[in-house]
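Everything on this sheet refers to the single structure shown next.
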Amino acid sequence: MSLGQAVVSPAVPFKDTHTVQPDGSAAPGTVSAMSGLSILKMGSMEEALAAARACPFLEINGTLEVSEMIELSGGSQDGGSGAVN
């Protein structure tokens, strides 16, 4: 299965992960097993799951999580400029 135009952001590996707690403290490391992400634009969760089932990462015993992204309201403390860094 080719993902073609569905790929918004291909395989982005994570590096130098830190975990930030609600009190603002930060420490090296992660509480998640995630090692990277890809963003796909699919028509439904069923389509997304079908794409995940065809991913070659599974052939090397990798596991995948599929989640729907939600748009957060612009209520940031910096005035909600909308800029993403």
Please tabulate, for the side chains in residues 18-29, all donor-acceptor contacts under 3.5 angstrom to protein atoms that are two or more places apart in sequence or on a different chain.
unit_1, atom_1, unit_2, atom_2, d
H18, ND1, D16, O, 3.2
T19, OG1, G29, O, 2.8
D23, OD1, S25, N, 2.8
D23, OD1, S25, OG, 2.7

Notebook entry, point to check: Going hydrophobic residue to hydrophobic residue with side-chain gaps under 4.5 angstrom, can you get from M45 over to L64?
Noted result: no
Notebook entry, point to check: So which heavy atom on A48 is nearest to which on V66, and how close?
Noted result: CB-CG1, 3.8 Å
Next item on the list: Can you establish whether the number of heavy atoms outside I60 located under 6.0 Å from its atom CD1 is more than 12?
Entry: yes
Margin query: Taking L49 as the starting point, is it possible to reach M69 by hopping between hydrophobic residues whose side chains are less than 4.5 Å apart?
Written below: no
Next item on the list: To the nearest 0.5 angstrom, please state how far the OG atom of S35 sits from the CZ atom of F57.
Entry: 5.0 Å
Next item on the list: Determine which pairs satisfy side-chain hydrogen bond (donor to acceptor under 3.5 Å, both in side chains) with at least one residue from residues 61-71, sequence neighbours left out, and list them in order.
Entry: none
